[in-house]
Amino acid sequence: MYSVFVVDDEPIVLEGIRSKIDWESSGFSFVGEASDGEIALSMLHELKPDILITDIKMPFMDGLQLSQAIKRIQPWIKIIILSGHDEFDYAKKAISIGIEDYLLKPFTPDELLASMNKAAQQIDRERKQLSDISRLKEELKTTAALKKKEVLINLVHGSEDLATLMQKCQELNINLISRFYKVLISRIKSTGSTDDAGENMQAQQEVCSLLNSYSSSWDQAECFFHHSNLLVCIFKGSTKEELEENIFHAAKTVAHITAKNVGCTVTCAIGKTVEHLSQVGISYADAKNILSHENNASQNRIISSDDLEMGDALQTETSSSESGLLELKENDPLVDRLKYAGKNDISAIIEESMVLIRKNPDQFKLFASYLLVDMIFSVSKLVEKLGGDIKTLRPEILQRKFVDDAVQDEDDFKQKLEQVLSFVVEYRDSKMTGKYGDVILKAKRFIEEHYADQNTTLTTVAKEVAMSPNHFSAIFSQECNTTFIEYLTNVRIENAKRLIRSTEMKGYDIAYECGFSDPHYFSYIFKKNTGMSPREYKLSL
């Protein structure tokens, strides 16, 4: 199934494309539409369709400007241009941008479908070519590629003096001169069972090959594969804002490409921003530290050092607890792991604890007590590092009775472990993402107040919360477990349902009142989300 997004400032054209193509049976899915390029660009950031169909003449940002922007940031999208202007200059410029097809209005549904099928065939050919593992291996063997990789590895590891590195960069045409730097490390892992090890490895290699090809087109980054499944990208930028926007876009692209391939997940770790080329190793080490504590991630994640909000709190150690309570340990590796663990990692940590116990079934209480006390030590340490007081927040887990009650049998033990771990992850998230809790709250409040405005987009909301669109999009998705577009659409649909229930307003008035520019598109989205048309919903009340 290939996803399709349509942009045209003529409602009748949008309606015709949306309603006259049999989407499901044709192998395509209609994922969205916009009436001008500026709004479309914001939505395309989120939706990442396979095919873009766009009019050439539109207000604010025309189809050619939109196509140029999309080809730069999402090069895999195939673009079909629609035009009522039979002018050679338009066609010539469209071809120079890399447009897949150019249709003159008026066109028939069959002509458009033929053009979409042509684009789909091109997508298939490119995916096959890009995922050709032997091609990747040959590329990595070339002398120039090996020399470049060696230089970049020396840079991130700090194993060569800067003057020598700069000389080698010049010889290899590697431009690393910039004001700011940031390192992104993406670790691709297969998720299949050990019984399918061969297929799992094949899937992982195909994803890595795709990423190797796409990352080579990023103008603001130098990328290489470190080991077989670690994509290391050194990003540069003239401003911190530009750097952040580019690196979060890249991370989202990596996650998107990986998600398209069943059987693989990716963790994208973003190191801190540094101001000198000689400090790139610091950003690299920062990203590697994040990855080292994310070994059991079961879903795609983007984690930035800047987002962890540990700051100075993590550098401050507290004194040991009062007499009679458990004392805290120093240099605890579990504390570091818990700094980054997600809720989905809790069961993995518990299972790892159970391995030692199951190896010593005759000494269950002894080993279970040891492991639970060790876990409480770590949880207490992390809570105190985050500025909390475990004696106030959860005093019962510091008492001997809590441990004694937990080690009666395996089920009680696992339940208590989960209780302790869930508490610390929730508490950590409330502190570590404190500023993003405020950001999300502010964003949701803005959406509630402005959902009726058709110009409320990812870009406008990101601006309201003083973040780049790509960074805000990544944060919103991970904090809310839904994309920005899905959330905004749901708010609009819920308000539409409220108006249908409580007023006698016409459907087209409700559409405009809820931020939809086209009543027909409103009906389409309403049915897609509720399973009923607005009229059917009204009759069901």
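Throughout, numbering of the chain's residues begins at 1 and tracks the sequence.
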(message) What I want to check is whether the side chains of K272 and S283 have a donor and an acceptor closer together than 3.5 Å.
(response) no
(request) Begin with the C-alpha distance, continue with both residues' side-chain angles, and end with the deciding distance and a verdict on side chain to side chain contact (heavy atoms under 4.5 Å, CB included) for V232 and L152. (result) CA-CA 9 Å; V232 179; L152 297 177; over 6 Å; no
(request) Determine, step by step, whether L291 and L230 satisfy the side chain to side chain contact (heavy atoms under 4.5 Å, CB included) criterion, reporting the C-alpha distance in whole Å, the side-chain angles of both residues, the deciding distance to 0.1 Å, and the verdict. (result) CA-CA 10 Å; L291 279 184; L230 287 180; 4.1 Å; yes
(message) Any side-chain to backbone donor/acceptor pair from R301 onto V266? Under 3.5 Å, distance only.
(response) no
(request) Could you label the plane-to-plane angle of the F28 and Y2 rings as parallel, tilted or perpendicular, counting under 30° as parallel and over 60° as perpendicular? (result) tilted
(request) Over 60° means perpendicular and under 30° means parallel, so classify the ring planes of W76 and H256, tilted if in between. (result) parallel
(request) Report the C-alpha separation of E100 and K71 in whole Å, then their side-chain angles, then the decisive distance to 0.1 Å, and conclude whether the salt bridge (charged side-chain N to carboxylate O under 4.0 Å, His left out) test is met. (result) CA-CA 11 Å; E100 273 58 47; K71 282 296 181 181; 3.5 Å; yes
(message) Counting only heavy atoms from other residues, nucleotides and ligands, does the tally under 6.0 Å from CZ of F107 exceed 12?
(response) yes
(request) Determine, step by step, whether K78 and D101 satisfy the salt bridge (charged side-chain N to carboxylate O under 4.0 Å, His left out) criterion, reporting the C-alpha distance in whole Å, the side-chain angles of both residues, the deciding distance to 0.1 Å, and the verdict. (result) CA-CA 9 Å; K78 303 305 166 194; D101 211 351; over 6 Å; no
(message) With a 4.5 Å cut-off on side-chain heavy atoms, are I21 and S26 touching?
(response) yes
(request) Take Y181 and F235 through the ring pair (Phe, Tyr, Trp, His ring centres under 6.0 Å) test and state the conclusion after the steps. (result) CA-CA 6 Å; Y181 302 91; F235 275 83; over 10 Å; no
(message) Can you tell me how the ring of Y521 sits relative to the ring of F30, calling it parallel under 30°, perpendicular over 60° and tilted otherwise?
(response) perpendicular
(message) Could you measure the distance from the CD1 atom of I53 to the CG atom of L14? Nearest 0.5 Å is fine.
(response) 10.5 Å
(message) Looking only at side-chain N and O atoms, does S35 offer a donor or acceptor that is under 3.5 Å from a partner on D9?
(response) no
(request) Drop me the distance from S305's OG to K182's NZ, to the nearest 0.5 angstrom. (result) 7.0 Å
(message) I'd like to know if K236 pairs up with E222 as an ion pair, taking the criterion as any Lys NZ or Arg NE/NH1/NH2 lying under 4.0 Å from an Asp or Glu carboxylate oxygen.
(response) no
(message) With a 3.5 Å distance limit and no angle check, can you tell me whether E536 reaches the backbone of S533 through a side-chain donor-acceptor pair?
(response) yes
(request) Kindly indicate whether the side chain of D509, heavy atoms from C-beta on, has any atom under 4.5 Å from the side chain of L499. (result) no
(request) Check whether any side-chain N or O of T456 sits under 3.5 Å from a backbone N or O of D453 as a donor-acceptor pair, and report yes or no. (result) yes
(message) Could you measure the distance from the CZ atom of F526 to the OG1 atom of T489? Nearest 0.5 Å is fine.
(response) 13.0 Å
(message) Looking at E494, I'd like to know if its CD atom is crowded, meaning that more than 12 non-hydrogen atoms belonging to other residues, nucleotides or ligands lie closer than 6.0 Å.
(response) yes
(message) Would you say that W218 contacts T253 through its side chain, given a criterion of any heavy-atom pair below 4.5 Å between the two side chains?
(response) yes
(request) Answer yes when R179 and E275 have at least one side-chain N-carboxylate O distance shorter than 4.0 Å, and no when they do not. (result) yes
(request) Report yes if some heavy atom in the side chain of I303 is under 4.5 Å from a heavy atom in the side chain of I270; otherwise report no. (result) no
(request) Identify the heavy atoms of V465 and V439 that sit nearest to each other, and give their distance. (result) CG1-O, 3.8 Å
(message) Do L104 and Y102 make a side-chain contact, defined as non-hydrogen atoms from C-beta onward lying under 4.5 Å apart?
(response) yes
(request) Kindly compute the distance separating CG (N300) from CD (Q478), expressed to the nearest 0.5 Å. (result) 9.5 Å
(request) Could you walk me through whether Q74 and K48 pass side chain to side chain contact (heavy atoms under 4.5 Å, CB included), step by step? (result) CA-CA 8 Å; Q74 293 173 287; K48 296 180 174 61; 3.1 Å; yes
(request) Indicate the atoms forming the closest heavy-atom contact of I302 with A474, along with that distance. (result) CD1-CB, 4.3 Å
(request) Assess whether atom NZ of K528 is packed by more than 12 heavy atoms of other residues, nucleotides or ligands within 6.0 Å. (result) yes
(request) For L541, look at atom CG and say whether over 12 heavy atoms of other residues, nucleotides or ligands are found less than 6.0 Å away. (result) yes
(message) For the backbone of P469 and the side chain of S473, can you confirm whether one donor and one acceptor N or O come within less than 3.5 Å of each other?
(response) no
(request) Nearest 0.5 Å please: distance from the CZ atom of F522 over to the CD1 atom of I493. (result) 5.5 Å
(message) Looking at E486 and T482, would you say the former's side chain and the latter's main chain have a donor-acceptor pair under 3.5 Å?
(response) no
(request) Taking only Lys NZ, Arg NE, NH1 and NH2, and the carboxylate oxygens of Asp or Glu, determine whether K105 and E10 approach each other closer than 4.0 Å. (result) yes
(message) Show the nearest heavy-atom pair for residues I290 and S304, with the distance to one decimal.
(response) CD1-C, 4.2 Å
(request) For S115 and L112, indicate whether the former's side chain and the latter's backbone hold a donor-acceptor pair under 3.5 Å. (result) no
(request) Using atom types as modelled and distance alone, determine if a side-chain donor or acceptor of E33 lies under 3.5 Å from a backbone N or O of V7. (result) no
(message) Please give me the minimum heavy-atom distance between C268 and A251, naming the atom from each residue.
(response) SG-O, 3.8 Å
(request) Just jot down the ring-ring contact (aromatic ring centres under 6.0 Å, His included) partners of Y284, sequence neighbours excluded, or say none. (result) H157
(message) Donor-acceptor pair, distance only, cut-off 3.5 Å: does the side chain of E244 make one with the backbone of E241?
(response) no
(request) Would you name the heavy atoms of T108 and E111 that are closest together and state the gap between them? (result) N-OE1, 2.9 Å
(message) Determine whether a donor-acceptor pair (N or O, by modelled atom type, separation under 3.5 Å) exists between the side chain of T460 and the backbone of T457.
(response) yes
(request) May I ask you to check whether N212 and S209 show a side-chain donor-acceptor distance below 3.5 Å? (result) no
(request) Start with the C-alpha distance between T54 and D8, add both sets of side-chain angles, then the distance that settles side chain to side chain contact (heavy atoms under 4.5 Å, CB included), and finish with yes or no. (result) CA-CA 6 Å; T54 178; D8 201 301; over 6 Å; no
(request) Side-chain contact test, heavy atoms from C-beta onward, threshold under 4.5 Å: evaluate it for I485 versus M43 and give yes or no. (result) yes
(request) Compute whether any side-chain donor of one residue and acceptor of the other, for S3 and D50, lie under 3.5 angstrom apart. (result) yes
(message) Please check if the number of heavy atoms outside K538 that lie under 6.0 Å from its NZ is greater than 12.
(response) yes
(request) Check for a donor-acceptor pair, side chain of Y214 on one end and backbone N or O of A250 on the other, with a separation under 3.5 Å. (result) no
(request) For residues V151 and C169, report the shortest heavy-atom separation together with the two atoms involved. (result) CG1-SG, 3.8 Å
(message) Quick one, C264 and K189 - any side-chain contact, counting heavy atoms below 4.5 Å?
(response) no
(message) Tell me if the NZ atom of K260 is crowded by more than 12 foreign heavy atoms within 6.0 Å.
(response) yes
(message) Working to the nearest 0.5 angstrom, can you tell me the gap between L52 CG and I79 CD1?
(response) 5.0 Å
(request) Answer yes or no: are there more than 12 heavy-atom neighbours, outside K288 itself, under 6.0 Å from its atom NZ? (result) no
(message) Check D518 with R18, please: is the shortest side-chain N to carboxylate O separation under 4.0 Å?
(response) yes
(message) Can you see whether N495 engages R498 through a side-chain donor-acceptor pair at a distance of less than 3.5 angstrom?
(response) yes
(message) Taking K252 first and then E245, would you say they form a salt bridge - that is, a charged N and a carboxylate O separated by under 4.0 Å?
(response) no
(message) Do E126 and Q122 pair up side chain to side chain, a donor and an acceptor below 3.5 Å, judged on atom types alone?
(response) yes
